[in-house]
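Here is the structure we will look at, set down as structure tokens.
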Amino acid sequence: QVQLVESGGGLVQAGGSLRLSCAASGRTLSSYVMGWFRQAPGKEREFVAGIRRSDGRTSYGNSVKGRFTVSRDNAKNTVDLQMNSLETEDTAVYYCAASPRYSMSLDERRYDYWGQGTQVTVSS
């Protein structure tokens, strides 16, 4: 079993940047497909970005393509989400999640392990 802890959230002005990090304990993250999800007040949780365990291939939600970048650091056992050109619509609680399955999925139900979330607030 793996335990996940997110960090790096905060308050930023529109157009600014933040870098979220997801640290793992218990297992190495290279064994998992990793995903970032977010949930804004009154909305369902949505897929933001993911990275495969086999080849590091990445996938992004349409609303963040070209602005967000997900990456792994196997030496540190972390997965990061670099968020640039932030918009007020990016305000949400951001979660990292781990899936032991081989393939990437945008479906949160395929992720077995979740962090507690970190708040990102983008002001206008």
Side-chain angles (χ1 to χ4, degrees):
Q1 191 168 356
V2 62
Q3 292 79 43
L4 304 174
V5 178
E6 304 94 339
S7 62
L11 174 65
V12 63
Q13 286 191 327
S17 299
L18 279 176
R19 188 176 184 89
L20 305 183
S21 186
C22 176
S25 60
R27 294 287 298 275
T28 175
L29 288 183
S30 60
S31 300
Y32 298 90
V33 169
M34 296 300 299
W36 283 96
F37 291 78
R38 68 185 182 186
Q39 187 167 23
K43 295 186 177 181
E44 294 186 351
R45 190 151 53 185
E46 66 170 340
F47 175 82
V48 175
I51 186 165
R52 299 203 321 184
R53 64 179 185 177
S54 56
D55 56 10
R57 185 172 297 182
T58 57
S59 295
Y60 296 93
N62 288 334
S63 61
V64 307
K65 282 181 181 176
R67 301 188 297 122
F68 290 12
T69 304
V70 61
S71 60
R72 287 182 185 270
D73 188 329
N74 289 334
K76 295 182 180 179
N77 208 27
T78 60
V79 174
D80 291 347
L81 183 68
Q82 177 67 41
M83 307 186 295
N84 299 329
S85 302
L86 283 161
E87 303 168 354
T88 55
E89 293 78 11
D90 295 318
T91 295
V93 177
Y94 284 71
Y95 300 88
C96 71
S99 171
R101 297 164 180 83
Y102 181 80
S103 59
M104 175 77 71
S105 177
L106 280 61
D107 186 347
E108 64 177 280
R109 294 170 296 181
R110 295 185 64 82
Y111 291 80
D112 295 345
Y113 307 104
W114 292 81
Q116 83 289 350
T118 186
Q119 176 71 46
V120 171
T121 303
V122 184
S123 64
S124 57

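Sequence positions, counted from 1, serve as the residue numbers for this chain. Note that this is a predicted model, so its numbers are computed, not measured.
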Linking I/L/V/M/F/W/Y whenever their side-chain heavy atoms sit closer than 4.5 Å, directly or via other members, would [X] and [Y] fall into one cluster?
{"X": "Val33", "Y": "Val2", "result": "no"}
{"X": "Leu106", "Y": "Tyr111", "result": "yes"}
{"X": "Val70", "Y": "Met104", "result": "no"}
{"X": "Phe68", "Y": "Val12", "result": "yes"}

Check: Can you list every ring-ring contact (aromatic ring centres under 6.0 Å, His included) pair that touches residues 38-63, not counting sequence neighbours?
Finding: Phe37-Phe47
Note to self: According to salt bridge (Lys or Arg N to Asp or Glu O under 4.0 Å), who are the partners of Asp80, at least two apart in sequence or on a separate chain?
What the structure shows: Arg19
Notebook entry, point to check: Has Arg45 got its NZ or CZ under 6.0 Å from the middle of the six-membered ring of Tyr95, at an angle within 45 degrees of the ring axis?
Noted result: yes
Please find the pair of heavy atoms, one from [X] and one from [Y], that lie closest to each other, and give the distance.
{"X": "Asn84", "Y": "Ser17", "value": "OD1-OG, 2.9 Å"}
{"X": "Gln116", "Y": "Leu4", "value": "OE1-O, 3.8 Å"}
{"X": "Thr118", "Y": "Glu6", "value": "CG2-CB, 3.9 Å"}
{"X": "Ala40", "Y": "Ala92", "value": "N-CB, 3.8 Å"}
{"X": "Val64", "Y": "Val48", "value": "CG2-O, 3.4 Å"}
{"X": "Leu18", "Y": "Leu86", "value": "N-CD1, 3.8 Å"}

Next item on the list: Determine, step by step, whether Asn74 and Ser30 satisfy the side chain to side chain donor-acceptor pair (under 3.5 Å) criterion, reporting the C-alpha distance in whole Å, the side-chain angles of both residues, the deciding distance to 0.1 Å, and the verdict.
Entry: CA-CA 6 Å; Asn74 289 334; Ser30 60; 4.8 Å; no
Next item on the list: State, with a plain yes or no, whether a side-chain heavy atom of Arg57 is found less than 4.5 Å away from one of Ile51.
Entry: no
Checklist line | Heavy-atom side-chain contact between Gln119 and Tyr94 under 4.5 Å | finding: no
Note to self: For Met83 and Leu20: C-alpha separation, side-chain torsions, deciding distance, then whether side-chain contact (heavy atoms from CB on, under 4.5 Å) applies.
What the structure shows: CA-CA 8 Å; Met83 307 186 295; Leu20 305 183; 3.7 Å; yes
Checklist line | Donor on one side chain, acceptor on other, Asp73 and Thr78, under 3.5 Å | finding: no
Check: How would you list all residue pairs meeting salt bridge (charged side-chain N to carboxylate O under 4.0 Å, His left out) that involve residues 88-100, not counting sequence neighbours?
Finding: Arg38-Asp90, Arg67-Asp90
Just how far is it from atom [atom1] of [X] to atom [atom2] of [Y], taken to the nearest 0.5 Å?
{"X": "Ser71", "Y": "Met34", "atom1": "OG", "atom2": "CE", "result": "11.5 Å"}
{"X": "Thr28", "Y": "Asn77", "atom1": "OG1", "atom2": "CG", "result": "4.5 Å"}
{"X": "Arg52", "Y": "Thr58", "atom1": "CZ", "atom2": "OG1", "result": "10.0 Å"}
{"X": "Asn62", "Y": "Glu46", "atom1": "CG", "atom2": "CD", "result": "10.0 Å"}

Notebook entry, point to check: Counting only N and O atoms by type, is there a donor-acceptor contact under 3.5 Å from the side chain of Tyr32 to the main-chain atoms of Ala97?
Noted result: no
Check: Just by modelled atom types, is the Leu29 backbone N or O under 3.5 Å from a matching donor or acceptor in the Arg72 side chain?
Finding: yes
Next item on the list: Flag the pair Arg110 and Asp107 as a salt bridge only when some basic side-chain nitrogen lies within less than 4.0 angstrom of an acidic carboxylate oxygen.
Entry: no
Check: What's the verdict on side-chain contact (heavy atoms from CB on, under 4.5 Å) for Gln3 and Tyr113, showing C-alpha distance, side-chain angles and the deciding distance?
Finding: CA-CA 7 Å; Gln3 292 79 43; Tyr113 307 104; over 6 Å; no
